[in-house]
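Note that the structure is a prediction, hence the values are computed from the model and not measured.
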Amino acid sequence: MTRRGLADLRTALAGLDPLPGELVRVREEVPARYGVTARYARFAGTPAPPPTGPGPAVLFERVTPGGGGGAARSVLIGLYGSRRRAAGLLGLTPGEMAPRLLDAVASPVAPTRVPDGRAQPRAVLAPDLTALPVPVVTDEDAGPYLTLGAVLATDPDTGVRNLSVHRMCVQGPDRLTIWMVPGRDLEAAHRAARRRGENLPVAIHLGLGPALMLASCCPTSLVPAGVDELAVAGALGGAPVGLTRCRTVDAECVAHAEYVIEGELLADLAPENPDGPCATPEFLGYRGRAHPALPTVRVTGITARDGAILQTVSGPGLEQSVLLGFGMEAAVLGRLRALGAPVEAVHCHTAGGGQLMVVVQWRAKRSAADDRLVREAGVTVLEEFRMAKLVVSVDEDVDPESDADLWWAMATRLQADQDLTVLTDREGFPLDPTQSTAYSPALSADGRTAKAHFDCTVPYTHRTRFHRPRFTQPSRASGG
């Protein structure tokens, strides 16, 4: 896979088509309700119980909507179902993603307006979400979910755009509930609009190019308020993002998006699942809990490219963890570099949803002082990154992306009585079911957690005792 600039989704898929095992096309008709995810499970093991493995991207070319009306349309799932493929869509390796994201944040490329005469032709669809092939994962789900809908909105107070992905449940032909994780920029823009007595115009995109999707999933610790994710995507993809105006609301949208759902984020609240406690499976691998009252989006219009592809992810699959992990890696790497720490790489393991488990690979220690630095840096990551629950520090001879290497380092380079640091009752993330007072009475509130740093690096004074063997390849002269 080679870098194709700020490619749209179709260019990315065209690059996968000739590569064996990367893209599977399913041409027979499949229902959106249960059918897409059940068939995908045959390829990638989802939504089977985690940990799920990497799998191919799967393009279902004829998916029938669950609402009973509307023509069969295409649905894509699994595009980011491996770290190697996700990075390769931008011509990078997984280890190159974090430095590249840091460079993109430091040198953003502002988006541009696409003239009307040069804009991608778009069909105007009826503003009816039930006519779209939005998948339903399990029979416990609250309904069809937009699991990879990227919401673009402009804060009315600051004028700064925000592109971010949120969990959205279809509640009717023109209604969505949206769960905005507290503290994110979209929530701030929504509150600013409410203070003005206004609704917040939004454009919800389904099917964007890889640079935009990766930028939209970056945490605020990497892309702080005031920095435009579209400009980060422009730098990441090597070309400005093209924007056009929405038809029915005063908002902008990405010109190359497969679908754009136009609407307004209202002050009105509605239950996510009026009929039960479940939402949809979450990225940490557990059944989602429905929220009793969420903000709603009123849909005012839908446009689509000819032959539009609706992109989605599946419950406790690998995709969300891959997308979230790259941004988290860049944020942690940037913070440790700012401290002057000799860090070689950061890897956010998909077993922790790309957030909860952080592996830090260190360069060779130069003195005994580096022993203390490793431990201080591990604690810094736990204290400053709310989502980080476990930090594992390893030496440069340990591959942070190899589970076998990580467990080997844990087994042979750690003594729990001296190499394990535990921080109690810290701010955490409630989607982890252990982070509750019901599980741990020592916590002061739900969403709090104990955190741990595992120092699996070799102490400087013992460095000569921990050499891994290197096998020499026989030469022709030796008869090998």
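- Residue Glu198 holds its CD atom at 13.0 Å from CG of Leu266, rounded to the nearest 0.5 Å.
- Using modelled atom types and a 3.5 Å distance limit, the side chains of Thr296 and Thr177 yield no donor-acceptor pair.
- Looking at residues two or more places apart in sequence or on another chain, you find a side-chain contact (heavy atoms from CB on, under 4.5 Å) between Thr64 and Glu29, Pro31, Ala72.
- In this structure, Met97 CE and Glu329 CD are separated by 8.5 Å, a value rounded to the nearest 0.5 Å.
- Applying the side-chain hydrogen bond (donor to acceptor under 3.5 Å, both in side chains) test to residues at least two apart or on different chains, none of the pairs has a partner in residues 214-223.
- Not counting sequence neighbours, the partners of Val109 by the side-chain contact (heavy atoms from CB on, under 4.5 Å) test are Ala235, Pro240.
- Sorted by first and then second residue, the pairs that involve residues 289-306 and meet salt bridge (charged side-chain N to carboxylate O under 4.0 Å, His left out), not counting sequence neighbours, are Asp8-Arg305, Glu258-Arg305, Glu264-Arg298.
- For the residue pair Thr248 and Glu262, a side-chain donor N or O sits within less than 3.5 Å of a side-chain acceptor on the partner.
- Results of the side-chain contact (heavy atoms from CB on, under 4.5 Å) test with Arg83 over Pro94, Ser321, Cys348 single out Pro94 as the only residue that passes.
- Screening residues 128-140 for salt bridge (charged side-chain N to carboxylate O under 4.0 Å, His left out), with sequence neighbours left out, gives Glu140-Arg287.
- With hydrogens and angles ignored, the 3.5 Å screen pairs no side-chain donor or acceptor of Gln311 with any backbone N or O of Ile77.
- In this structure, Arg448 contributes its side chain and Phe429 its backbone to no donor-acceptor pair below 3.5 Å.
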Per-pair distances, 0.1 Å, donor-acceptor, side chain in residues 206-215, under 3.5 Å, sequence neighbours excluded:
none

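- Among pairs with a residue in residues 174-189, those fulfilling salt bridge (charged side-chain N to carboxylate O under 4.0 Å, His left out) read Glu187-Arg191, at least two apart in sequence or across chains.
- With 3.5 Å as the limit, one finds a donor-acceptor pair spanning the side chains of Thr280 and Asp141.
- Side chains of Gln435 and Asp446: no donor on one and acceptor on the other come within 3.5 Å.
- Under the 3.5 Å distance criterion, the side-chain polar atoms of His205 are matched with a main-chain donor or acceptor of Val254.
- The neighbour count for Arg10 CZ, taken as heavy atoms of other residues, nucleotides or ligands under 6.0 Å away, is above 12.
- Under the side-chain contact (heavy atoms from CB on, under 4.5 Å) criterion, Asp405 pairs with Val398, Asp399, Ser402, Arg468, not counting sequence neighbours.
- Contacts of Glu61 classified as salt bridge (Lys or Arg N to Asp or Glu O under 4.0 Å), with partners at least two apart in sequence or in another chain: Arg25, Arg27.
- The closest donor-acceptor contact from the side chain of Arg122 to the backbone of Ala257 lies under 3.5 Å.
- Applying the ring pair (Phe, Tyr, Trp, His ring centres under 6.0 Å) test to residues at least two apart or on different chains, the pairs with a partner in residues 287-309 are Trp179-His291.
- To the nearest 0.5 angstrom, Leu79 atom CG is 12.0 Å from Thr312 atom OG1.
- Note on residues 145-166: pairs passing salt bridge (charged side-chain N to carboxylate O under 4.0 Å, His left out), not counting sequence neighbours, are Asp157-Arg195, Asp157-Arg196, Arg161-Asp228, Arg161-Glu252.
- Checked against salt bridge (Lys or Arg N to Asp or Glu O under 4.0 Å), Lys451 has no partners two or more places apart in sequence or in another chain.
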